[in-house]
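This report concerns only the one structure given below.
In listed order, ligands and their atoms are each counted from 1.
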Amino acid sequence: MRTDFSAEQLADPDTAESEKVLRTCTHCGFCTATCPTYVLLGDELDSPRGRIYLIKEMLAGGDKVTADTVKHIDCCLSCLACMTTCPSGVNYMHLVDHARRWIEQNYRRPWGERALRRLLGTVLSRPSLFRLSLRFAVPAKPLARFLPGRLAPLFALAPASVPAASSTDRPCVFSAKGERRMRIALLPGCAQRVLAPEINEATIRLLTRLGCEVVVVHGGACCGALVHQLGQEAAALGFARANIDAWERERRASGFDAIVINASGCGTTVKDYGFMLREDRAYAEKAARVASLARDVTEVIGTLGLGGSSAGVTASNRRVAYHSACSMQHGQGLHSAPKALLAAAGFEPVDVPEGHLCCGSAGTYNILQPEIAAMLRDRKLANIASARPDLVATGNIGCISQLARGCTVPVVHTVELLDWATGGPPPKALKTGYRARQRV
Ligand code: SF4
Ligand code: SF4
């Protein structure tokens with residue numbers, strides 16, 4: 001794509017980077033076929049190619065950002081299906097991240113929307129504040145449909161109950177069982193540990209059983225993905241720096257082999273810390289090092305090997321529909337490893353038709369764009385049902401929350417199944433009855 005930014009505009013490192021991305025796009029349009037919003041809405045401006053054009057115009061136009069451009073960028077899920085499809089290697093992720101920052105800095109949204117976005121960024125990324133907010137939201141959930149505007153979907157997404165905080169939330173070292181094979185720093189996450197603390201518990205049980213010493217470091221924070229996607233860059237970089245400082249302290253003191261992340265949305269962001277902080281002289285090198293150590297939990301388990309056991313797997317829970325989160329397949333390029341692990345654990349993993357399409361969760365998307373999110377969720381649930389599974393497994397808390405509403409079988413995290421099959425307890429969603437545990 002031709003661009004004609006001025007020298008002054010290109011002096012901005014973000015614009016210079018985006019120009020490189022824009023120039024790689026050949027406008028071939030292959031990406032439109034796999035873009036969920038184009039598939040649903042059929043509008044070129046809600047396709048990757050259309051958005052790339054809009055972003056070019058927006059960046060060239062300085063602070064003259066139109067409401068129409070914002071509407072189409074806001075409709076983007078950041079699912080990154082377009083990056084998987086693109087034959088030219090267009091880094092749409094960096095481009096749309098820049099566009100969201102640009103909008104945040106140069107466009108004034110209506111006050112209600114500004115307030116909601118600020119509220120979401122502040123609350124969801126701080127576990128104690130999120131837990132407190134849910135305690136108020138849960139009793140109001142039955143009244144959600146009577147609430148005005150965006151408040152209705154916000155309250156509808158509250159879980160049926162708020163789990164108690166887990167002891168694994170606190171900074172701690174969990175010893176390896178038997179001979180130590182690896183030392184792992186675990187990102188404890190923010191929203192996930194509030195909504196489903198059993199995921200970190202299963203991760204720690206599984207990793208320690210496989211010979212890992214697991215450390216939850218002091219001073220770690222939210223990875224910053226939620227605020228990053230909202231274009232709230234100062235907050236996102238603040239979270240990234242806090243995590244980098246915490247992990248670097250631990251690395252210097254005791255060392256570790258990998259940083260393990262069990263929410264693929266967070267993993268995609270931590271793996272991008274090097275790029276996010278590339279212009280920060282104090283952090284660029286450390287950020288690149290942290291990014292190079294970041295692994296999805298299934299990558300590490302794949303390296304270690306699961307060992308031989310299929311305890312708990314029976315004919316009634318064997319068939320598992322594996323829903324690959326967008327951040328897992330498109331963001332991190334991880335496709336077969338989680339399914340191979342499920343198979344090794346004795347399950348029968350089956351693919352979900354239209355597996356490349358987002359379920360509509362996408363960070364805060366299901367709150368900010370509830371209609372499109374609901375269409376995508378319903379489409380995904382129909383595709384899951386067609387696979388006739390006993391369970392659904394996925395590696396991202398956002399997808400679990402999105403799919404648990406309306407799914408006719410339990411939706412669990414992949415590590416909960418792997419832990420169960422190798423000697424851990426059954427996933428909580430199975431033990432207590434998934435309807436009682438519906439997280440949304
Ligand atoms: S597939 Fe890639 S090169 Fe083709 S229009 Fe889409 S982003 Fe551009
Ligand atoms: S990130 Fe997803 S929704 Fe956004 S343009 Fe790409 S494919 Fe479409």
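In this structure, the side chain to side chain contact (heavy atoms under 4.5 Å, CB included) partners of L77, at least two apart in sequence or on a different chain, are P36, T37, C79, C358, A362, Y365, L376.
Ligand-side atoms of ligand 2 in range of R51: 3 (S), 4 (Fe), 5 (S), 8 (Fe), range being under 4.0 angstrom from any heavy atom. Those atoms of ligand 1 that come under 4.0 Å of a heavy atom in H27, given as number and element, are 5 (S), 8 (Fe). The atoms of ligand 2 that sit less than 4.0 Å from any heavy atom of L80 are 1 (S), 2 (Fe). Here is the list of ligand 2 atoms found below 4.0 Å of a heavy atom in L77: 3 (S), 4 (Fe).
Under 4.0 Å is where a charged nitrogen must lie from a carboxylate oxygen, and between R101 and E17 no such pair does. A salt bridge links R205 with D419: the distance from a Lys NZ or Arg NE/NH1/NH2 to an Asp or Glu carboxylate oxygen falls below 4.0 Å. Using a cutoff of 4.0 Å between basic side-chain nitrogens and carboxylate oxygens, E104 and R100 are not scored as salt-bridged. Using a 4.0 Å cut-off between a side-chain N of Lys or Arg and a carboxylate O of Asp or Glu, E371 and R377 do not qualify as a salt bridge. A salt bridge links R319 with E348: the closest approach of a Lys/Arg side-chain nitrogen to an acidic carboxylate oxygen falls below 4.0 angstrom. Salt bridge present: D14 and R278 bring a charged side-chain N and a carboxylate O closer than 4.0 Å.
Looking only at protein heavy atoms, the nearest one to atom 7 (S) of ligand 1 is I52 CD1, 3.6 Å. For atom 8 (Fe) of ligand 2, the nearest protein heavy atom (residue, atom name, distance) is C35 SG, 2.3 Å. In terms of protein heavy-atom proximity, atom 5 (S) of ligand 1 is nearest to G29 N, 3.2 Å. Remark: minimum distance from atom 2 (Fe) of ligand 2 to any protein heavy atom is reached at C79 SG, 2.3 Å.
Contacts with ligand 2 closer than 4.0 Å are made by backbone heavy atoms (N, CA, C, O) of S78 only, the side chain lying farther away.
Among protein atoms, those of element N, O or S found less than 2.8 Å away from atom 2 (Fe) of ligand 1 are C86 SG.
Side chain of T15 to main chain of A11: no donor-acceptor pair is present (N/O by atom type, distance under 3.5 Å, no hydrogens or angles).
Neither side chain, T34 nor H356, offers a donor N or O lying under 3.5 Å from an acceptor on the other. Side-chain polar atoms of D97 and H94 form no donor-acceptor pair below 3.5 angstrom.
Around OH of Y53, the count of heavy atoms belonging to other residues, nucleotides or ligands within 6.0 Å does not exceed 12.
The nearest N, O or S atom of C76 is closer to atom 4 (Fe) of ligand 2 than 2.8 Å.
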